[in-house]
Amino acid sequence: MSETPQVDGPTFAPPEDLAAQANLGPDAYEEAARDRLGFWASAAERLTWTQKWDTVLDWSNPPFAKWFLGGTLNVAYNCVDRHVEAGHGDQVAYHWEGEPGDTRTITYAQLKDEVCKAANALTEMGVQAGDRVAIYLPMIPEAVISMLACARIGAVHMVVFGGFSADALASRITDAGAQVVITSDGGYRRGAPSALKPAVDEAVSRTEGVRKVLVVQRTEQDVDWDDSRDLWWHDVVDRQSTEHEAQSFDAEHPLYIMYTSGTTAKPKGILHTSGGYLAQVSFTHWASFDLKADTDVFWTAADVGWVTGHSYIVYGPLSNRATSVMYEGTPETPHRGRWFELIQKYGVTILYTAPTVIRTFMKWGDEIPAGFDLSTLRLLGSVGEPINPEAWLWYHRNVGGGRCPIVDTWWQTETGGHMINPLPGVTTLVPGSAQRPFPGISAKVVDDEGKELENDSTGLLVLTEPWPSMLRTIWGDDDRYVDTYWSRFGKNTYFAGDGAKKDADGHIWLLGRVDDVMNVSGHRISTTEVESSLVGHPAVAEAAVVGATDPTTGQGIVAFVILRESGTDSGDELVQTLRTHVARDIGPIAKPRQIMVVQELPKTRSGKIMRRLLRDIAENRELGDVTTLTDSSVMNMIKDKLPAAP
Ligand code: WTA
């Protein structure tokens, strides 16, 4: 957990013109408090249902929730077809921009055709409702098309972020039991083509059950080809009919699995279902961002490989008939003004991104955003980690021109959609605080015994009522679902894993994870996962990993390792080898910022590594990139601090 941020800074009342026309006004809180289920039912009524539900919520067997019981719908129909049928076929769904500068403009009518073709192709490949399809793609339109094609035929998509390794992909394919993988030859990243297909080849060779690999040609790199298994997207999808009748599925039909890090080395497959997920994601997208479908240009600058992309690049915006920007590459390619150039080019009105990017922009300097016309922006969003007031104020001033409300949204892969955030036309903003549960959401800060805390005491964040877009289980592991989220405070209270504080004004401040999960640039990485990768290297006997505060990335990964043989080279070269080993094992996002070779690790009498102590060391000392510590230096420091430990 981080230190409690400053509270007594400036606050920002909603702009009058926005407040006057806001999608959601102040009454929403009262309405939801009066009739919570009725409130969510009216949110669900914004969708098109084939068969309306009988029961809004069945919570008779907590923590296994069923929302909109008896209702049926097709998620893809709600995202695409109904807008075309209502005469909006010519509206742009995505202004897509590739990193090299190539572009594609996709209208709702075109998106419908593409989704239908892909749905027909998947059906031809033998994919049926309930089957799992792995998607491992760069940020290209086919990623969205693939997700929607799955949803359309009731197949369960499992998107794996393109930055993950073959190993990470293989374990997810196996756990989900995916039979088909959709990938591409590669994508563009930092000015160069970067390959994806080789990782799929490797992953598939290590798993059983993958029958077909559908490959989009993006970079035209050479790829290895297995004729019995591999199919080109342009061969199989392009020749399909644009007609496809969408079948309706139960509200609780599985929509997707998204893996996320937990406190053990094995990632958890978070399962989301159809009706409740789409209802909350659609409604929060419309309300939190005050989305006006006819005039806004909306941009979630994140990857579809994360939940932020699923909910607020794909399902939220499309269900609301938004026009979105989708960008393939990194913010600094080919220059550090690329994002601002895109805002100017497409007239972006709403930008949603992560504090780590904002802090990077701060570092690069005010003159970069100042060089572009950002006057179309009217609202900004933040997600993924606590936004420190300094970054908030910089974002407000330098990107938002001092006029755009910033909506700081707290939520998780597990929650599916926004849970704690201000409403742009209602809330007076307090920089650094996510402020208030969204209408219809019940959150509290409690102590270890579950007693509610207020007035600035620091405790744990819990959610005390089920919500429509909540995870339904961990794929294949109901027990782990109950143990992880619903056992600490009983079966009616969801334990989020975040520390929080409620101030005297009732505002909630999120203070970071309280478990062994790190948050690096808004990405969740488990300490145990990195440790198990390190001990998987022949040179390493033992490893302990901590997340240390980092001014740009939020946290940085710091590893302490004990080598197998004394006398093994413990110099820079080995440290670099180990860093690369982890990057290859899990993915570049998990590459430790520092690795320190030590003779011993501080442990409690029961043998548990005292990470808190290691974190102190990692944060208090100015350490070089590849510092090697000896017994005397590290252990003496640790010993000095031991009396304070439990
Ligand atoms: C953190 C991303 C503070 C938090 C949507 C949570 C935040 C984890 C915020 C979930 C925020 C996300 N303020 N912390 N606005 N948003 N977090 O599953 O620790 O990738 O538990 O979902 O990110 O990360 P995940």
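The first residue in the sequence is number 1, and the count goes up from there. Note that ligands are numbered from 1 as they come in the structure, with each ligand's atoms numbered from 1 the same way.
- Under the 4.0 Å criterion applied to side-chain N and carboxylate O atoms, E332 and R190 are assigned as salt-bridge partners.
- Of the heavy atoms in T409, only backbone atoms (N, CA, C, O) come closer than 4.0 Å to ligand 1.
- Using modelled atom types, one finds a donor on one side chain and an acceptor on the other under 3.5 Å when comparing D478 with T473.
- Salt-bridge annotation for D477 and K268: absent, with no side-chain N of the basic residue lying under 4.0 Å from a carboxylate O of the acidic one.
- Within the 4.0 Å heavy-atom criterion, neither part of I387 lies near ligand 1.
- Between W306 and ligand 1 there is no heavy-atom distance shorter than 4.0 Å.
- Below 3.5 Å of separation, one finds no N or O of S382 facing any N or O of ligand 1.
- Considering both main-chain and side-chain atoms, E414 never comes within under 3.5 Å of ligand 1 through any nitrogen or oxygen pair.
- The distance from ligand 1 to the heavy atoms of V383 drops below 4.0 Å at these ligand atoms: 5 (C).
- Residues S282 and R46 have side chains that bring a donor and an acceptor to within less than 3.5 angstrom of each other.
- Contacts between L510 and ligand 1 below 4.0 angstrom, taking non-hydrogen atoms only, involve the side chain exclusively.
- Residue R524 touches ligand 1 through its side chain alone, judged by heavy-atom distances below 4.0 Å.
- Of the candidates T409, T300, T308, T409 is the only one forming a side-chain hydrogen bond (donor to acceptor under 3.5 Å, both in side chains) with Y352.
- Every residue two or more places apart in sequence or in another chain that forms a side chain to side chain contact (heavy atoms under 4.5 Å, CB included) with A548 is listed here: V558, R593, A618, E619.
- Note: an N/O pair closer than 3.5 Å links D498 and ligand 1 by distance alone.
- Considering both main-chain and side-chain atoms, D408 comes within under 3.5 Å of ligand 1 through a nitrogen or oxygen pair.
- Ligand 1 lies within reach of G384, whose nearest heavy atom is under 4.0 Å from it.
- Side-chain contact between L271 and I257 is present, with at least one heavy-atom pair separated by less than 4.5 Å.
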